[in-house]
Number of protein chains: 2
Amino acid sequence: MAKKPELLPGTLDLMILKTLTRAPLHGYGIALAIKQLSDDVLTVEEGSLYPALQRLLLQGWVKAEWKMTETNRRARYYTLTVAGRKQLGIELTQFEQMIAAIGRVLQNA
Amino acid sequence: MAKKPELLPGTLDLMILKTLTRAPLHGYGIALAIKQLSDDVLTVEEGSLYPALQRLLLQGWVKAEWKMTETNRRARYYTLTVAGRKQLGIELTQFEQMIAAIGRVLQNA
DNA sequence: AACCTATATATAGACTATCTATGCATAGAT
DNA sequence: ATCTATGCATAGATAGTCTATATATAGGTT
């Protein structure tokens, strides 16, 4: 690894879906939420964020809508679809299973 | 994600280094160890394994030596170097920090 | 003898997801 | 007038997987 990444590859879609469970958010807000919730450990770069949102849109896990923010700026708000909520459950389970498996390797090796 | 990956990207080098802490192992043995310790959740494909070992060699975290196995086959045994042991510590800390951060996002979002 | 499975290493090429860098736009504060 | 924060988006580079292929042989089965 040349430089340590800001994210663990493969976990971004999962985190985005999770941040949308409470309420719709725009992209910038999602990135802020992840940064803050992680105590500044995780930083979502724009070049990772927007392609990820496109993926989620294409797969139908989220839908998007242009709106005005509280501060009078145009922004694209993303909402979890029913399929997206289901997908979140699947990915959460897989992620936890994988983390547990890695944990076993790191403990017993 | 088209198909669920067998590994969480970015964790392979760490797991390889960890499996070498007890004793030198050859590539095939490392893959078997990870598979077994993870209860078959993690599978290290050859196309991931050997490039990873090349990376570790290049960076000086491991050294390699051709030997015969107990079953009389030629195999390349990898040993952790002092630098590799240090690197393992660094990566372990970073990994745990990142997992904790992701956990916070997934819990509080 | 012929075949199969497991063991063992290695590489080429495809694919995916990240990061870096860039561009555009504007609200509000200095 | 300029700067900072907010906000979206894409092109291209980079990195780390996976798939598929190639080679080789020990030991067991038909």
Side-chain angles (χ1 to χ4, degrees), chain A residues 1-17 24-36 42-59 61-62 64-78 91 94-95 98 102, chain B residues 1-17 24-36 42-59 61-62 64-78 91 94-95 98 102:
Chain A
M1 266 159 277
K3 230 182 279 185
K4 86 169 169 182
E6 312 279 3
L7 294 176
L8 193 54
T11 62
L12 178 54
D13 294 19
L14 174 58
M15 288 193 292
I16 291 176
L17 291 177
L25 282 173
H26 50 71
Y28 193 81
I30 292 171
L32 270 185
I34 292 176
K35 193 177 189 63
Q36 287 164 5
L42 306 173
T43 301
V44 185
E45 305 292 340
E46 294 96 322
S48 308
L49 176 65
Y50 293 105
L53 289 169
Q54 297 297 337
R55 286 198 296 272
L56 297 175
L57 273 173
L58 255 172
Q59 287 163 320
W61 312 142
V62 302
E65 196 183 357
W66 285 97
K67 279 193 190 171
M68 284 296 158
T69 67
E70 299 158 1
T71 55
N72 208 36
R73 286 161 168 286
R74 92 192 209 297
R76 214 172 170 195
Y77 281 81
Y78 295 87
E91 290 197 22
Q94 283 175 0
F95 176 73
M98 191 154 286
I102 293 172
Chain B
M1 265 158 276
K3 231 182 278 185
K4 85 168 171 185
E6 313 279 3
L7 294 176
L8 193 54
T11 62
L12 179 55
D13 294 21
L14 174 58
M15 288 194 290
I16 291 176
L17 291 177
L25 282 173
H26 50 70
Y28 194 80
I30 292 170
L32 271 186
I34 292 175
K35 193 176 187 64
Q36 287 163 6
L42 306 172
T43 301
V44 185
E45 305 292 341
E46 294 95 322
S48 309
L49 176 66
Y50 293 105
L53 289 169
Q54 297 297 337
R55 286 198 295 273
L56 297 176
L57 272 173
L58 256 173
Q59 287 162 320
W61 311 142
V62 301
E65 195 184 358
W66 286 96
K67 279 192 188 173
M68 284 297 157
T69 67
E70 299 157 1
T71 55
N72 208 35
R73 287 162 168 285
R74 91 191 210 298
R76 213 172 170 195
Y77 282 81
Y78 294 87
E91 290 197 23
Q94 283 175 359
F95 176 73
M98 190 153 287
I102 293 171

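- Considering CZ of B:Arg55 and CG of B:Asp13, their distance stands at 4.5 Å, rounded to 0.5 Å.
- Using a 4.0 Å heavy-atom criterion, one finds that B:Leu7 contacts the sugar-phosphate atoms exclusively.
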Grab the N/O contacts between the protein and nucleotides 3-7 of chain D below 3.5 Å, and write none if there aren't any.
| unit_1 | atom_1 | unit_2 | atom_2 | d |
| --- | --- | --- | --- | --- |
| D:dT6 | OP2 | A:Tyr28 | OH | 2.7 |
| D:dT6 | O5' | A:Tyr28 | OH | 3.3 |
| D:dT6 | O2 | A:Arg73 | NH1 | 2.7 |
| D:dG7 | OP1 | A:Thr69 | OG1 | 3.4 |

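- Two end axes, each from the C1' atoms of five base pairs, can be drawn for the helix from C:dA1-D:dT30 to C:dT30-D:dA1; they diverge by 10°, to 10 degrees.
- Listed by chain and number, the residues in a ring-ring contact (aromatic ring centres under 6.0 Å, His included) with B:Tyr77 are B:His26 (sequence neighbours excluded).
- Side-chain contact between A:Ile30 and A:Val44 is absent, with no heavy-atom pair separated by less than 4.5 Å.
- B:Leu49 comes within contact range of no nucleotide atom at all, as no heavy-atom separation falls under 4.0 Å.
- No side-chain heavy atom of A:Ile102 sits less than 4.5 Å from a side-chain heavy atom of B:Leu7.
- When the nucleotides D:dT10, C:dA10, D:dA9 are ranked by their closest atom to the side chain of A:Pro51, D:dT10 comes out on top.
- Phosphate proximity of C:dC19 to A:Ser48: present, with a side-chain N or O under 4.0 Å from OP1 or OP2.
- Between B:Asn72 and B:Glu46, the one whose closest nucleotide on DNA chain D sits nearer the 5' end is B:Glu46.
- A straight line from CG of B:Leu53 to P of D:dG16 spans 14 Å, rounded to a whole angstrom.
- Each of A:Leu12, A:Ile34, A:Thr11 was scored for a side chain to side chain contact (heavy atoms under 4.5 Å, CB included) with A:Leu42, with one residue passing: A:Ile34.
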